[in-house]
Amino acid sequence: MAEADLLASRREKLQRLRAAGVEPYPYGFARTHAAAELRRSFPDLSPHTRTGAVVSLAGRLTAIRRMGKASFADLLDQTGRVQIFLSADGLGAPAYANFLENLDIGDILGIRGEVFTTKTGELTVDAREVVLLAKSLRPLPEKWHGLKDVETRYRQRALDLIANESSRRALEKRALILRTMRNYLDGQGYLEVETPILQPIPGGATARPFVTHHNVVDRDLYLRIAPELYLKRLLVGGLEKVYEIGRNFRNEGISSEHNPEFTALEAYEAYGDYERAMELCEGLIEACALAVAGGLRLEYQGRAVNLARPWRRASLLELVAEGSGCDVEKPLAELVRELDRRGIPVPDHLRQGPKGKVIEHLLETRVQEKLWDPTFVLDFPLDISPLAKRKRGRPDLVERFELYITGREIANAFSELNDPHEQRERFLAQEELRQAGDEEAQRVDEDFLRDLELGMPPAAGIGIGVDRLVMVLVDAPSIREVLTFPLLR
RNA sequence: GGGUCGUUAGCUCAGUCGGCAGAGCACCGGCCUUUUAAGCCGGGUGUCGCAGGUUCGAUUCCUGCACGACCCA
């Protein structure tokens, strides 16, 4: 039947129900059990057991198996599926006829009836009453293969969630991971805070922002690319352990690992350095893995991942030297010549430096994909790290790490720069890059500098890409699987 | 930005070396009180992604475009 006829058929049933005095969209339904609760309440019954217990359930009708004067049906709620038995005997002939004639797969129903088990031992509710709670006017995807088309799945997320249990489970696991993060940090004495999403100067990361406009004050504002600078100002204010879990916005491409709005955890701890950030990172991710996967040996897309500590620590420069076969300590011009000689492509916009961008490019193209088990990549070039403190004994580097798992960047952290004079110099160096055409370069933020001048304690700071971490922990191939409503063009 | 593959019924997918468009599920009608991808009988519901081109004839071949997946930059 064509789609228009399928819709028309359901609308006709709706009309018939209304004509018979049935309200197809009532206000509520008192249920005694969710599906999972029912299973817990009636464990281990033998086949052919009549319990005499009357329960009420509500959910979506997902299957009907008709056998004349009786039918079995499946009712799905958030916790699972329960089989329902409907018969002329149990409901009365008119109510049973109404069920067959006017209700459809997809309708949301309330059921009251007796708990029993069938001859195969399946827990089932023998319906004495069926209440329509919401008529469904659209056909559902196929019961066996479900909804597979990824575009439809992402564009019609509600339909996907009805049809695919794995989609529901992914969101539940995501919630568990977020809850575990909060519990872990709260347990360590961190204070959860919320900082501005609308910012006059987008700071704290190297990225292009979304711009918006405040009409009353007639001024452009930016959706934050990171909460970092505000969180550090709270450190200045005397909050010693703070974190924020929230949405960041970057005006960049969409891919299996990038969504323009994404969820980040940022945490700052006074009196720590990046060694402390590594400990925190290990402990936090370990707790999440244990909560959601029950262990530290996972599988990601068919390949084993071992999250057992201690995690590998490797110098960025050594990794890049190994990955490129080049001496990356030599000056930019010589390094570029050597890369050319070896046939390693260097994008034109990076050839004039800063050198750190070339190193970063080599990390992304020649090293990153090999970092499968958790690896802390240590000590980044200063010229691409304007908010991090210099490395002790290596003034051209900073105390910064990125954490890689399954070949993707999961976290970024540093010993936070708290010298206001040096911070201003770093901002000015970024400003020069901006003048030279680098739209991602960071901007001078005078409000932040003023607060730094009040004195910020030395601190460890870390940012974790929550969506990507969830991908790894729930074995999702695309960031879209772990977002409720991924952006599609 | 480039490459490869894909887009056919509500869903999952076949198929046409260019000649009336197919299946299963869903749906509609009938039978059926222990089914669970229930079963049995009957019914095919379509702008073959969009726009051009070639051709007597295009869903099929060609070109462009849109959208998607994967890979590369």
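Reckoned from all heavy atoms, side chains included, excluding hydrogens, waters and symmetry mates. In what follows, chains carry the letters A, B, and so on, assigned in the order in which the sequence lines appear, proteins first and then strands, with residues in each chain numbered from 1.
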* Asked: So, are A:R153 and A:E481 salt-bridged, with charged N and O less than 4.0 Å apart?
  -> yes

* Asked: Just wondering, more than 12 heavy atoms not from A:E431 lying within 6.0 Å of its CD?
  -> yes

* Asked: In this structure, are over 12 heavy atoms from other groups packed under 6.0 Å from A:E318 atom CD?
  -> no

* Asked: Listed by chain and number, what are the ring-ring contact (aromatic ring centres under 6.0 Å, His included) partners of A:F401, not counting sequence neighbours?
  -> A:F376

* Can you sort out the partners of A:F72 under ring-ring contact (aromatic ring centres under 6.0 Å, His included), two or more places apart, ordered by chain and number? => A:F85

* Hey, which sits more toward the 5' end of RNA chain B by its nearest nucleotide, A:S87 or A:D74? => A:S87

* To do: Report the residue (A:M67 or A:G146) whose heavy-atom-nearest nucleotide on RNA chain B is the more 5′ of the two.
  => A:G146

[atom1] of [X] versus [atom2] of [N]: gap in Å, rounded?
X      : N     : atom1 : atom2 : value
A:L103 : B:A26 : CG    : P     : 17 Å
A:D149 : B:U7  : CG    : P     : 11 Å
A:L7   : B:C11 : CG    : P     : 11 Å
A:L488 : B:G68 : CG    : C1'   : 10 Å
A:H361 : B:C72 : NE2   : P     : 13 Å
A:Q368 : B:C72 : CD    : P     : 11 Å
A:Q83  : B:U36 : CD    : P     : 10 Å
A:Y154 : B:G68 : OH    : P     : 12 Å

* To do: Look at the side-chain N and O atoms of A:S9 and state whether any lies under 4.0 Å from the OP1 or OP2 oxygen of B:C28.
  => yes

* Asked: Are OP1 or OP2 of B:C28 and a side-chain N or O of A:K13 less than 4.0 angstrom apart?
  -> yes

* Asked: Is the shortest heavy-atom distance from the side chain of A:D107 to the side chain of A:D104 under 4.5 Å?
  -> yes

Regarding [X], tell me which of base, sugar-phosphate or nothing describes its non-hydrogen contacts under 4.0 Å with the strands shown.
X      : value
A:E151 : sugar-phosphate
A:R138 : nothing
A:R155 : sugar-phosphate
A:I105 : sugar-phosphate
A:D89  : base
A:K119 : base

* Can you label the angle between the A:F210 ring and the A:F249 ring as parallel, tilted or perpendicular, going by 30° and 60°? => perpendicular

* Taking atom types as they are modelled, is there a donor-acceptor pair under 3.5 Å from the base of B:U35 to the side chain of A:T118? -> yes

* With distance as the sole criterion, do the side chain of A:E122 and the base of B:U35 form a donor-acceptor contact below 3.5 Å? -> no

* Run the numbers on A:H145 and A:E142 for side chain to side chain donor-acceptor pair (under 3.5 Å), then give the verdict. => CA-CA 6 Å; A:H145 299 94; A:E142 205 238 357; 2.7 Å; yes

Between [options], spot the one nearest the side chain of [X], thanks.
X      : options             : result
A:R480 : B:U33, B:G68, B:C11 : B:G68
A:E142 : B:C25, B:C70, B:U36 : B:C25
A:V150 : B:U33, B:A69, B:C32 : B:A69
A:L6   : B:U34, B:C28, B:G10 : B:G10
A:R66  : B:C13, B:U34, B:C32 : B:C32

Suppose you measure atom [atom1] in [N] against the same atom in [M]; what distance do you get, rounded to whole Å?
N     : M     : atom1 : answer
B:C70 : B:G53 : P     : 35 Å
B:A69 : B:C27 : C1'   : 31 Å
B:G46 : B:U4  : P     : 36 Å
B:C48 : B:U33 : P     : 44 Å
B:U35 : B:U16 : C1'   : 40 Å

* Check whether any side-chain N or O of A:Y96 sits under 3.5 Å from a backbone N or O of A:D89 as a donor-acceptor pair, and report yes or no. => no

* Pairing partner (Watson-Crick or G-U wobble, both distances under 3.5 angstrom) of B:G68 -> B:C5

Can you name the atoms? Protein N/O to nucleotides 40-42 of chain B N/O, anything below 3.5 Å, with the distance.
none

